[in-house]
Number of protein chains: 2
Amino acid sequence: MTSDPARRMTQALRDGGVRVTRQREALLKVLTEAADHPDAAELHRRARALDDSLSLATVYRTLSVLEREGVVLRLPLENGGARYEVADAPHHDHIVDLDSGQITEFRSEKIEQLQREIAAELGFEIVHHRMELYCRKKT
Amino acid sequence: MTSDPARRMTQALRDGGVRVTRQREALLKVLTEAADHPDAAELHRRARALDDSLSLATVYRTLSVLEREGVVLRLPLENGGARYEVADAPHHDHIVDLDSGQITEFRSEKIEQLQREIAAELGFEIVHHRMELYCRKKT
DNA sequence: CTTAGTGCAAATAATTTGCAGGAGG
DNA sequence: CCTCCTGCAAATTATTTGCACTAAG
């Protein structure tokens, strides 16, 4: 059984005709083990512990491959700069804590439904969407 | 009466203790007359017609002043790069046409309400939020 | 007058790309 | 072995900043 998520993902890549290299495995491991939402530089830092030679350029190249393969999700935030997460969980949106920078996930079927209705009314079909609530902890 | 929106905005700036220069007036005029959502470079191009000496650096500096003063809204999109709009209309969100790049505005009180509820449940207070639907014209 | 605002050019920050060598399948 | 992948450094893109000068109030 492919119980290990990283293993399942490498398999998905191989099936997609993408080579699974040492550096890609390192990055996948770091991604699956990340509880937070790291940016490219942070992923690079962490993955280097597993593969010292890994370059930042490859991190970027790999992230875009993984995104294309549907294995990771890139979330570009307000300040420019993007954060990444594995695309295993069902779709969700994000709350960004303005003070700590921490990201909380949430999901609302109702909102998704409303979005679809609104787009349809205007003659559009949603390909994907983004929603971020920039918040502060309630006192 | 301050019927002219550009005039009302310059007044708002003066009240805020911000100097209203020739280049700022040019930019404000271009902004208020823009039916679309131009980026900084495009605003520069258009405003140059009114003030030939206006530099791109000043466009950026002015845009961030105007944003701080609550006169314009900056909307950073997925590809990096931001678009701008005057902050006169009530809050709304955006539909981005993936094919043409054109932006359509919409507003849903229901969604806003749901967002507030969700944030509150998680112990947050929304400071501001962003929602973009990346769409394709329905066939 | 006083100091915020400006143009210019150089500096950042995040990401991308050309090239020559290296390793997956 | 034949490409796809990689590291490195240089290139891009969007934006910011230091400096000496100009102009708003």
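Just so we're on the same page: letters track the sequence lines, and every chain starts at 1.
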### Task
Just report the end-to-end axis angle for the helix from C/dC1-D/dG25 to C/dG25-D/dC1, five pairs per end, to 10 degrees.
40°
#### Entry: Strand contacts (DNA chain D) in residues 26-34 of chain A, 4.0 angstrom heavy-atom criterion
none
### Message
Just to be sure I understand the geometry, which residues of residues 66-73 of chain A put a non-hydrogen atom under 4.0 Å away from DNA chain D?
### Response
none
### Task
Check every nucleotide of DNA chain C for an atom under 4.0 Å from a heavy-atom of chain A, then give the first and the last such nucleotide from 5' to 3'.
C/dA14 to C/dG25
### Over 12 foreign heavy atoms within 6.0 Å of CD, B/Glu105
yes
### Message
Does B/Asp52, at its CG atom, have more than 12 non-hydrogen atoms belonging to other residues, nucleotides or ligands within less than 6.0 Å?
### Response
no
### Task
Sequence neighbours left out, what pairs pass ring pair (Phe, Tyr, Trp, His ring centres under 6.0 Å) with at least one residue falling in residues 63-88 of chain B?
none
### Task
Among residues two or more places apart or on two chains, list those pairs meeting ring pair (Phe, Tyr, Trp, His ring centres under 6.0 Å) that have a residue in residues 4-54 of chain B.
B/His37-B/His94
### Task
Identify whether A/Val96 and B/Val127 are in the same connected component of the hydrophobic contact network (ILVMFWY, side-chain heavy atoms under 4.5 Å).
yes
### Message
If hydrophobic clusters are built from ILVMFWY residues whose side chains come within less than 4.5 Å, do A/Val18 and A/Val30 share one?
### Response
yes
#### Entry: Side-chain N,O (A/Arg61) to OP1/OP2 (D/dG7) below 4.0 Å
no
#### Entry: Residue whose closest nucleotide on DNA chain D lies nearer the 5' end, B/Tyr60 versus B/Gln23
B/Tyr60
Show me, pair by pair, the donor-acceptor contacts under 3.5 angstrom made by side chains of residues 131-139 of chain A, not counting sequence neighbours?
| residue | atom | partner | partner atom | Å |
| --- | --- | --- | --- | --- |
| A/Glu132 | OE1 | A/Tyr134 | OH | 2.7 |
| A/Glu132 | OE2 | A/Arg130 | NH1 | 2.4 |
| A/Tyr134 | OH | A/Glu78 | N | 3.4 |
| A/Arg136 | NE | A/Asp99 | OD1 | 3.4 |
| A/Arg136 | NE | A/Asp99 | OD2 | 3.3 |
| A/Lys138 | NZ | B/Ala120 | O | 3.3 |

### Message
Please determine whether any donor N or O and acceptor N or O are separated by less than 3.5 Å between the side chain of A/Arg19 and the base of D/dC4.
### Response
yes
### Task
Please list all pairs passing the salt bridge (charged side-chain N to carboxylate O under 4.0 Å, His left out) test where one or both residues lie in residues 115-126 of chain B, with sequence neighbours left out.
B/Glu109-B/Arg116
### Task
Could you name each residue pair satisfying salt bridge (charged side-chain N to carboxylate O under 4.0 Å, His left out) that touches residues 33-51 of chain B, not counting sequence neighbours?
B/Arg22-B/Asp51, B/Lys29-B/Glu33, B/Asp36-B/Arg46, B/Glu42-B/Arg45, B/Glu42-B/Arg46
Show which side-chain atoms of residues 57-66 of chain B pair as donor or acceptor with protein atoms under 3.5 Å away, not counting sequence neighbours.
| residue | atom | partner | partner atom | Å |
| --- | --- | --- | --- | --- |
| B/Thr58 | OG1 | B/Ser55 | OG | 3.3 |
| B/Thr62 | OG1 | B/Thr58 | O | 2.8 |
| B/Ser64 | OG | B/Arg61 | O | 3.1 |

### Task
Check each residue of residues 39-56 of chain B for a non-hydrogen atom within less than 4.0 Å of any atom in DNA chain C, then write out the ones that pass by number, or none.
B/Ser53, B/Leu54, B/Ser55
### Message
Does B/Arg22 reach a base, just sugar-phosphate, or nothing at all? Heavy atoms under 4.0 Å.
### Response
nothing
#### Entry: Test side-chain contact (heavy atoms from CB on, under 4.5 Å) applied to B/Ile118 - qualifying residues, sequence neighbours left out
A/Phe106, A/Ser108, A/Ile111, B/Leu122
